[in-house]
Q: 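Handing you a structure now.
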Amino acid sequence: MITNFTNVAFFRLARDARLVIISTAVLGISFFGIQMLLNVLYILRLGYSVEYVGFFNASGAFTYILSSLPAAAIGNRLGLRAAMVWGGVITVLGLAILPVVEYVPAALQASLPILSQVVVTIGWALISINQVPALMAVTTVQNRTSAYALNGVARGVGTFAGTLVGGFLPMIFAWIMHDHVDAPGPYRAALWLGSALAILGLIPLVMMRPAEPVTRSTHQETATPFPIWPVALLVLHVYLSQLGPASCQFFCSAYMDTTLLLSAAAIGTLTGIGQFTTILAPLLTPRLVARYGNGWTLMVASLGTAVSLLPLALIPHWSAAGTGRLGALALAAIWMPALQVFQMELVDARWRSLTYGIVSMAMGCAYASVGFIGGRLVATWGYTTLFGLALSMTLLGTLLMWSMLKSPRLQPQQART
């Protein structure tokens, strides 16, 4: 039933909307699957500490903060498709930098992973910031929520496949290379493969027709000022509610590797099981939104994320880590499509790229905060403190969305085309 629903909804979308979704699936295999799983494990096997892992992740998040508004401006100037294509090229180049860290002079080795993260993030900002208004421009009010949900499904499918395969790639390459599975070499080879796969994600973007944001007449633009207060509260909700998922994304692999002493294959399997839920979870979003609204969906998903962090904070066992990560991933997959539609409908068409740039900066700030502070927290007080603090902040984000829902003036008044 789910497969039939997905197929029908997918083929009812416009051609360019389908191409965006296909690109998301392919990039999910490489960027969100193989690379996200193995880059931290590779860095740890190069001998770097968990503090360095935090700084590595934070450098990407900080770059995303600085790149968000310029990425929106580039999309408005060059066109949404052109910005996404250039973003894809830059992302591929950034992914290819990390595996060469062992071949540069020793004085440069510590800085090269950071450079890779910065370049990758600039490219991804160009893709992600312009992807949301691009989907908005090629969908209708009737199929918009389904399109964003299917885009989340595509990302989940790609990430699940990439994570599951990525966990076994080091073992496969260790056998091929006659190397030890905990040596850096097998991880380096796997990262090269992930970089090559990312090139395929560019093809659907190149095939798209130029997609531009919907414009309004001069009279309408004058009559619709930027809604500063609602956007400011949404930004704060996004920042607080994303601290939980950020702690999972940045430190769950390191936690399972260094504290729970799991193998890369076990980490990949547990993460893959969690990623499998992201394939189906976004399909719940259209139904939840139709019945309760985007704001309610955001609130409940944030609350569920906080609950999911409890096992990570309280129980040092692989089953608790797997369960917590599964819940955080599934609820993030529900939360994201609801956020994208909520914030696009919160503002008039001419403010959409700017708004998503600002909201993306808030997400970047959340990840940067976890990256910069998380490594130090773990080194001083352990992972329990990190996950417990992230849980508390996510609860505050839930309460903030609840307060927004109490005021009709702070919600989208209607679905804007």
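For reference, positions follow the sequence shown, starting with 1. For clarity, every value in this text was computed on a predicted model and none was experimentally measured.
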Q: To the closest 0.5 Å, what do you measure between CG (Leu329) and CD1 (Ile334)?
A: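 Rounded to the nearest 0.5 Å, the CG-CD1 separation comes out at 11.5 Å.
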
Q: Any side-chain to backbone donor/acceptor pair from Arg18 onto Leu13? Under 3.5 Å, distance only.
A: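 Yes, because the side chain of Arg18 sits within donor-acceptor range (under 3.5 Å) of the backbone of Leu13.
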
Q: So, taking the atom named CZ in Arg325 and the one named CH2 in Trp318, what distance separates them when rounded to the nearest 0.5 Å?
A: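 Rounded to the nearest 0.5 Å, the CZ-CH2 separation comes out at 14.5 Å.
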
Q: On a heavy-atom basis, which atom in Val100 and which in Ile97 lie closest, and how many Å separate them?
A: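 In this case the closest contact between Val100 and Ile97 is CG2-O, 2.8 Å.
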
Q: Might you work through the side chain to side chain contact (heavy atoms under 4.5 Å, CB included) test for Met207 and Ile203, ending with a clear yes or no?
A: CA-CA 6 Å; Met207 293 172 62; Ile203 298 174; 4.0 Å; yes

Q: If you look at every heavy atom in Arg81 and Val206, which pair is closest and at what distance?
A: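 Distance-wise, the nearest heavy atoms are NH1-O, 3.7 Å.
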
Q: For Phe56, does its backbone N or O pair with a side-chain atom of Ser59 as donor and acceptor, under 3.5 Å?
A: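 Yes.
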
Q: How long is the straight-line distance from OG of Ser23 back to CG of Leu202, given to the nearest 0.5 Å?
A: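 Between Leu202 CG and Ser23 OG, I get 7.0 Å after rounding to 0.5 Å.
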
Q: Side chain to side chain contact (heavy atoms under 4.5 Å, CB included) between Val53 and Leu44: does it pass, once the steps are laid out?
A: CA-CA 8 Å; Val53 169; Leu44 289 172; 3.8 Å; yes

Q: Is there a side-chain contact between Phe62 and Val118 (heavy atoms, below 4.5 Å)?
A: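 A side-chain contact is absent here, since even the closest heavy-atom pair is not under 4.5 Å.
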
Q: Rounded to the nearest 0.5 Å, what separates atom OG in Ser302 from atom CH2 in Trp402?
A: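 Going from the OG atom of Ser302 to the CH2 atom of Trp402 covers 15.0 Å.
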
Q: Would you say the side-chain atoms of Gln117 and Asn39 include a donor-acceptor pair closer than 3.5 Å?
A: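 Judged by distance alone, the side chains do not pair up.
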
Q: Give a yes or no on this: more than 12 heavy atoms of other residues, nucleotides or ligands lie within 6.0 Å of atom CH2 of Trp192.
A: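 Correct, the count exceeds 12.
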
Q: Show me the pairs that pass side chain to side chain donor-acceptor pair (under 3.5 Å) and involve residues 65-75, at least two apart or across chains.
A: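 Output for this query is empty, none listed.
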
Q: Is it true that a side-chain atom of Gln109 and a backbone atom of Val104 form a donor plus acceptor pair closer than 3.5 Å?
A: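 Answer holds: yes.
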
Q: Looking at side-chain heavy atoms only, is the closest gap between Leu95 and Leu191 below 4.5 Å?
A: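 With C-beta onward as the side chain, the pair stays apart.
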
Q: Listing request: all salt bridge (charged side-chain N to carboxylate O under 4.0 Å, His left out) pairs with a residue in residues 246-262, at least two apart in sequence or in separate chains.
A: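 Matches after skipping sequence neighbours: Arg45-Asp257.
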
Q: Listed by chain and number, what are the salt bridge (Lys or Arg N to Asp or Glu O under 4.0 Å) partners of Arg188, not counting sequence neighbours?
A: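 Once residues adjacent in sequence are excluded, the partners of Arg188 under the salt bridge (Lys or Arg N to Asp or Glu O under 4.0 Å) criterion are Glu102.
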
Q: Can you confirm whether Met208 sits close enough to Val20 that some side-chain heavy atom of one is under 4.5 Å from a side-chain heavy atom of the other?
A: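 Yes, side chains in contact.
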
Q: Kindly indicate whether the side chain of Leu37, heavy atoms from C-beta on, has any atom under 4.5 Å from the side chain of Ser253.
A: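 When only atoms from C-beta onward are counted, Ser253 and Leu37 do touch, with a gap below 4.5 Å.
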
Q: Taking Leu339's backbone N and O only, do any of them form a donor-acceptor pair with Tyr148's side chain (distance below 3.5 Å, no angle check)?
A: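 Absent.
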
Q: Relative to the ring of Phe387, is the ring of Tyr255 parallel (under 30°), tilted (30 to 60°) or perpendicular (over 60°)?
A: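 The rings of Tyr255 and Phe387 stand perpendicular, inter-plane angle above 60°.
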
Q: Under 6.0 Å from the CZ atom of Arg15, do we count more than 12 heavy atoms belonging to anything else shown?
A: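 Yes, the 6.0 Å shell around CZ holds more than 12 heavy atoms from other groups.
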
Q: To check you understand the geometry: which heavy-atom pair defines the closest contact between Ala254 and Val40, and what is its length?
A: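 Heavy-atom minimum between the residues: CB-CG1, 4.5 Å.
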
Q: Hey, is CH2 on Trp296 packed in by over 12 heavy atoms from elsewhere, all under 6.0 Å?
A: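 Above 12, so yes.
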
Q: Just by modelled atom types, is the Gly304 backbone N or O under 3.5 Å from a matching donor or acceptor in the Ser308 side chain?
A: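 Between the backbone of Gly304 and the side chain of Ser308 there is a qualifying donor-acceptor contact (under 3.5 Å).
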
Q: Could you go through the side chain to side chain contact (heavy atoms under 4.5 Å, CB included) check for Tyr64 and Cys365 one step at a time?
A: CA-CA 8 Å; Tyr64 196 78; Cys365 285; over 6 Å; no

Q: Out of curiosity, Met299 CE to Leu399 CG, how far, rounded to the nearest 0.5 Å?
A: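 Result: 9.5 Å between the selected atoms.
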
Q: Are Tyr42 and Leu98 packed together at the side-chain level, in the sense that at least one heavy-atom pair is separated by less than 4.5 angstrom?
A: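 Yes, side chains in contact.
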
Q: Does Gly397 offer a backbone N or O that forms a donor-acceptor pair with the side chain of His237 under 3.5 Å?
A: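 Pair found, side chain donor or acceptor close to backbone of Gly397.
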
Q: Do Val92 and Ser195 have side chains that approach each other closer than 4.5 Å (heavy atoms only, starting at C-beta)?
A: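 Not touching, per the 4.5 Å side-chain cut-off.
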
Q: What pair of heavy atoms forms the shortest contact from Met404 to Leu233, and how long is it?
A: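 Looks like SD-CB, 3.8 Å.
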
Q: If only atom types and distance count, is the side chain of Thr305 paired as donor or acceptor with the main-chain N or O of Gly244 below 3.5 Å?
A: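 No, the answer is negative, given that no donor and acceptor are paired below the 3.5 Å cut-off.
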
Q: Examine the side chains of Ser30 and Gln35 and answer whether a donor and an acceptor come within less than 3.5 Å of each other.
A: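 Their side chains do not contain a donor-acceptor pair, so the 3.5 Å distance test is not met.
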
Q: Tell me the closest heavy-atom pair linking Ile43 and Tyr52, and the distance in Å.
A: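 Taking every non-hydrogen atom into account, CG2-CD2, 3.7 Å.
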
Q: How are the rings of Phe32 and Trp124 set to each other: parallel, tilted or perpendicular (split at 30° and 60°)?
A: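 Geometry flag for Trp124 against Phe32: perpendicular rings.
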
Q: So which atom in Gly123 and which in Thr91 form the shortest heavy-atom distance, rounded to 0.1 Å?
A: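 It is C-OG1, 3.1 Å.
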
Q: Determine, stepwise, if the pair Thr63 / Ile122 fulfils side chain to side chain contact (heavy atoms under 4.5 Å, CB included).
A: CA-CA 7 Å; Thr63 303; Ile122 291 173; 3.6 Å; yes

Q: Side chains of Leu309 and Cys248: closer than 4.5 Å at any heavy-atom pair?
A: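 In short, these two side chains touch, coming nearer than 4.5 Å.
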
Q: To the nearest 0.5 Å, what is the distance between CE (Met393) and CG (Leu389)?
A: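 One finds 5.5 Å between CE of Met393 and CG of Leu389.
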
Q: Do Leu234 and Phe342 have side-chain heavy atoms sitting under 4.5 Å apart?
A: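 Yes, close enough: below the 4.5 Å cut-off.
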
Q: Under 3.5 Å, side chain of Thr380 to main-chain N/O of Leu377, donor-acceptor pair present?
A: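 Here the side-chain-to-backbone pair does not exist.
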
Q: Between Ser369 and Tyr239, do the side chains contain an N or O donor and an N or O acceptor separated by less than 3.5 Å?
A: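 Short answer, yes.
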
